[in-house]
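Accompanying notes for the structure given below.
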Amino acid sequence: MDSLIVEGPARLSGEIQIDGSKNATLPIMAACLLSDEKSVIRGVPSLTDVFTMIEIMRHLGVKIKLEDDVLTVVPDGYKGNEAPYNYVSTMRASICVLGPLLAKTGYAKVSLPGGCVIGPRPIDLHTKGIKALGADVKVDHGYLIARAKGLKGASMHLCGVYGSSVLATANIMMAATLAKGRTVIESAACEPEVVDLAEFLIKMGARIRGHGSHTLEIEGVKRLYGAEHHVIPDRIEAGTYMIAASITRGDVLIKGCEPRHISALIDKLSEIGVSIKSNPDASIRVRAPRSLKAVDITTLPYPGFPTDLQAQITALMSTAQGTSVISEKIYPERFMHLGELNRMGAQAALEGDSAIIKGVKSLSGAQVMASDLRASAALVIGGLVARGETQVSRIYHLDRGYSNMEAKLSKLGAKIRRIKGKQ
Ligand code: EPZ
């Protein structure tokens with residue numbers, strides 16, 4: 001397993017280009033299963049999660065190839081309808097093939113995702129939705145098996161204990177495109193990635209209204225066609241580098257991003273004293289002063305502060321003046337990074353679903369271990385300003401969601417390198 005070695009402190013400056021969104025790409029790839037025709041998706045990031053999804057599609061019998069950032073998908077005559085454990089266990093987003101397979105073939109067998117390091121990851125909302133559309137659902141030997149002789153449109157309320165669900169909304173929206181009649185999803189997720197998926201489905205011939213709001217209406221159609229699409233920029237990648245620029249008190253131009261998608265982060269960074277300027281050419285300039293103020297943050301569904309930036313902003317707040325309280329309302333157990341940041345000299349304590357972070361004057365390099373994708377990014381961010389060497393091990397998590405992070409950071413002036421095959 002590879003490690004990253006970061007030598008701090010660094011001050012980031014320069015320009016960085018943001019890739020296409022991972023979390024938009026994955027369900028859009030699954031949506032291709034709804035048609036027999038060729039689709040072309042552009043702006044696809046080179047990430048291990050995307051490679052895993054390509055393997056799943058191949059396993060289903062789909063012809064698919066990625067050249068640079070262009071993905072060509074030819075589902076014609078695919079026969080498979082099973083997403084086995086070895087894929088789902090490495091990438092929970094594999095669950096998003098459930099809706100398209102069921103709608104197109106009448107049968108889907110998808111390994112149950114199980115728990116994960118960011119806390120329990122139930123799929124009750126996915127099953128509630130497909131049952132409402134008329135599917136029979138059972139669990140057998142660790143697999144969710146869904147059958148339907150033609151789905152029927154239905155009205156449903158798709159809200160869980162922690163609010164709406166991004167992938168459940170995606171799954172049910174995809175399934176409903178080929179159902180007979182009208183489906184209404186109340187409490188639908190309105191994340192930009194769900195909107196991007198809806199836009200792609202509409203290009204395929206789906207009839208969808210209300211995407212971007214909490215009420216989605218889908219009028220089922222008989223068939224869908226191939227389509228071409230360019231995925232939206234990755235708001236979490238953009239946000240991660242904005243936070244990296246801020247923690248190093250740097251001056252960085254983030255190019256190819258959509259400022260509207262990260263307004264919650266822009267708001268909080270401005271509140272703590274970072275200067276943010278959004279430009280009409282889809283770029284954001286981030287300039288941070290030496291001293292940053294503490295702030296309280298609560299993660300919430302979009303347009304609230306994203307849970308996928310919680311770990312990174314926690315690292316940043318450990319270098320601000322005063323005490324910050326960061327509450328996690330999506331995954332209340334998503335705090336594995338606190339202990340590792342404390343190894344670097346941070347002063348973070350967990351109280352219920354909140355991290356209490358007392359700002360410190362400086363962090364110091366340490367050996368730390370990445371536990372999940374966004375926690376890994378937080379440790380690298382901490383390492384950028386920690387004095388001395390930080391070794392972040394198990395960075396295969398990082399490769400799931402950030403392409404070439406060390407190259408991108410090096411270009412901005414960071415001293416960072418990868419060591420192959422080290423724990
Ligand atoms: C998506 O996961 C993202 N993944 C996650 O990003 C992100 O953290 C999450 O949305 C929240 O924004 C992809 O898009 C591939 P949810 P998803 O269903 O859809 C609960 C990353 O780092 N819930 O919106 O699986 C759930 O436990 C990843 O890129 C139910 O109760 O998340 C959570 O508390 C990690 N029942 C809340 O809903 C269900 O059936 C929101 O989760 C499903 C979810």
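Indexing begins at 1, ligand by ligand and atom by atom, following the structure's order. All values reported here derive from a predicted model rather than from experimental measurement.
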Which bit of [X] is near ligand 1, meaning a heavy atom under 4.0 Å away: side chain, backbone, both or neither?
X	value
Leu373	side chain
Thr307	side chain
Arg334	side chain
Tyr331	side chain

side-chain contact (heavy atoms from CB on, under 4.5 Å) evaluation trace for Leu101 with Leu60: CA-CA 10 Å; Leu101 285 180; Leu60 295 170; 4.1 Å; yes

Please say whether [X] places an N or O atom under 3.5 Å from an N or O atom belonging to ligand 1.
X	result
Leu125	yes
Ile330	yes
Glu191	no
Leu167	yes
Asp308	yes

Check: Arg418 and Ile395 side chains under 4.5 Å, non-hydrogen atoms: yes

Please check: side-chain N/O of [X] versus main-chain N/O of [Y], any donor-acceptor pairing under 3.5 Å?
X	Y	result
Thr319	Leu316	yes
His214	Ala188	yes
Ser283	Asn279	no

Under 4.0 Å to a heavy atom of [X] - the qualifying atoms of ligand 1, by number:
X	result
Ile123	39 (C), 40 (O)
His126	40 (O)
Ala93	15 (C)

Step by step, would you call His261 with Glu191 a side chain to side chain donor-acceptor pair (under 3.5 Å)? CA-CA 9 Å; His261 292 169; Glu191 269 67 6; over 6 Å; no

Below 4.0 Å from any atom of ligand 1, is there a heavy atom belonging to [X]?
X	result
Val161	no
Lys22	yes
Pro122	yes
Arg121	yes
Arg92	yes

Does the side-chain contact (heavy atoms from CB on, under 4.5 Å) test come out yes or no for Ile56 and Met53, once each step is laid out? CA-CA 5 Å; Ile56 294 175; Met53 195 65 171; 4.2 Å; yes

Test item: side-chain donor near acceptor, [X] and [Y], under 3.5 Å:
X	Y	result
Thr48	Tyr396	no
Arg374	Thr307	no
Asp372	His337	no

Among Val166, Thr25, Thr127, which residue places a heavy atom closest to atom 24 (O) of ligand 1? Val166

Work out which heavy atom in Ile236 is nearest to a heavy atom in Asp308; give both atom names and the distance. CG2-O, 3.5 Å

